[in-house]
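One structure below.
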There are 2 protein chains.
Amino acid sequence: MSVGAEQIIAVSGSELDSLADIFKAIGDPGRLKIVHSLLARELCVHELAQTVEMTPSAVSHQLRLLRGLKLVKRRRDGQRIFYSLDDAHISTLLSQALEHVREG
Amino acid sequence: MSVGAEQIIAVSGSELDSLADIFKAIGDPGRLKIVHSLLARELCVHELAQTVEMTPSAVSHQLRLLRGLKLVKRRRDGQRIFYSLDDAHISTLLSQALEHVREG
DNA sequence: TTAGCATATGAATAGATGTTCATATATTCA
DNA sequence: TGAATATATGAACATCTATTCATATGCTAA
């Protein structure tokens with residue numbers, strides 16, 4: 001499903017703004033760690049907090065933002081709420097960016 | 001040159017920070033417009049300023065940041081300095097993110 | 001050299017943002 | 001019901017950041 005450069009150029013202003021929102025979201029170290037942690041498997045808030053070394057409150061705040069952008073989704077299991085990636089493209093995004101970093 | 005999800009998971013903390021820097025860079029609407037404009041062809045500061053509707057000074061400030069991250073490069077031609085993308089992955093990054101936006 | 005254009009840069013400021021803290025909501029189990 | 005655990009949320013605060021303005025630098029052509 002990849003697109004050519006020609007199509008990339010034809011992007012509306014609002015689409016660019018939406019893109020910026022997504023990039024800004026994973027442009028924060030804490031949120032990027034969260035998303036990165038969810039690449040492996042779904043995690044509850046408590047587990048995420050330990051993994052990324054943030055307070056549950058801070059994680060919850062950031063998850064709310066990520067959820068608003070449809071980057072993560074959640075499901076309840078008893079008292080816990082498990083979060084997972086809501087977007088198949090995210091892992092591809094990360095891999096592409098990773099190539100840049102590792103080549104640079 | 002694509003990598004699988006397994007390798008994406010094995011990312012060091014500093015690599016994640018570098019990734020966050022890149023995403024944060026193109027997470028700003030102004031800078032994203034700049035990068036997007038450079039997808040088509042190299043542009044001088046003056047042209048960029050008109051294209052993205054920012055002052056030459058503001059554009060220059062942002063180009064400095066993008067250049068520090070090796071996302072754009074420049075070449076002088078007389079009085080003008082032409083900027084272009086310094087990273088083949090950027091267009092792929094944009095296309096992947098664009099798919100998310102358009103599917104969502 | 002001087003004038004003029006293009007770009008860069010430093011300082012200042014206004015606005016955005018991530019975290020913390022206190023509190024609220026929700027679920028489970030005794 | 002009540003206690004304990006998990007998550008969410010609002011307000012406040014400190015930090016970060018993008019732009020503006022003034023000024024400096026660099027190049028070209030008289």
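Letters go in sequence order (proteins before strands), and every chain restarts at 1. Just so it is clear, the model here is predicted, and its values are computed rather than measured.
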**Asked** Do Phe23(A) and Ile22(B) touch side chain to side chain, with heavy atoms closer than 4.5 Å?
**Response** no

**Prompt:** Please give, in whole Å, the distance from dT7(C) P to Asp77(B) CG?
**Reply:** 10 Å

**Message:** In this structure, how many angstroms lie between the P atom of dA18(D) and the CD1 atom of Ile34(B), rounded?
**Reply:** 11 Å

**Item:** pair Ser91(A)-Leu39(A): side-chain heavy atoms closer than 4.5 Å
**Value:** yes

**Request:** Would you mind reporting whether Tyr83(A) and Leu43(A) have side-chain heavy atoms less than 4.5 Å apart?
**Result:** no

**Request:** Calculate the interatomic distance between Asp28(B) atom CG and dT17(D) atom P; express it in whole Å.
**Result:** 11 Å

**Request:** Quickly work out the Leu32(A) CG to dG18(C) C1' distance and round it to whole Å.
**Result:** 15 Å

**Message:** Nearest whole Å is fine: how far is dC21(C) C1' from Met54(A) CE?
**Reply:** 15 Å

**Request:** Using atom NZ of Lys33(B) as one end and atom P of dT19(D) as the other, report the distance to the nearest whole Å.
**Result:** 9 Å

**Item:** Same apolar cluster (I L V M F W Y, side chains within < 4.5 Å links), Leu65(A)/Phe82(A)
**Value:** no

**Message:** Rounded at 0.5 Å granularity, tell me how far CD1 in Ile26(B) sits from CD1 in Ile90(B).
**Reply:** 5.0 Å

**Request:** Using a 4.0 Å cut-off on protein heavy atoms (strictly under), produce a 5'-to-3' string for nucleotides 5-14 of chain D with B for base contact, S for backbone-only sugar-phosphate contact, and - for none.
**Result:** BSSBBB----

**Asked** Rounded to the nearest Å, what distance is computed from the CD atom of residue Glu42(B) to the P atom of nucleotide dT7(C)?
**Response** 12 Å

**Asked** Looking at Arg76(B), Arg80(B), Arg75(B), which one forms a salt bridge (Lys or Arg N to Asp or Glu O under 4.0 Å) with Glu42(B)?
**Response** Arg75(B)

**Message:** Nearest whole Å is fine: how far is dT17(D) C1' from Lys24(B) NZ?
**Reply:** 9 Å

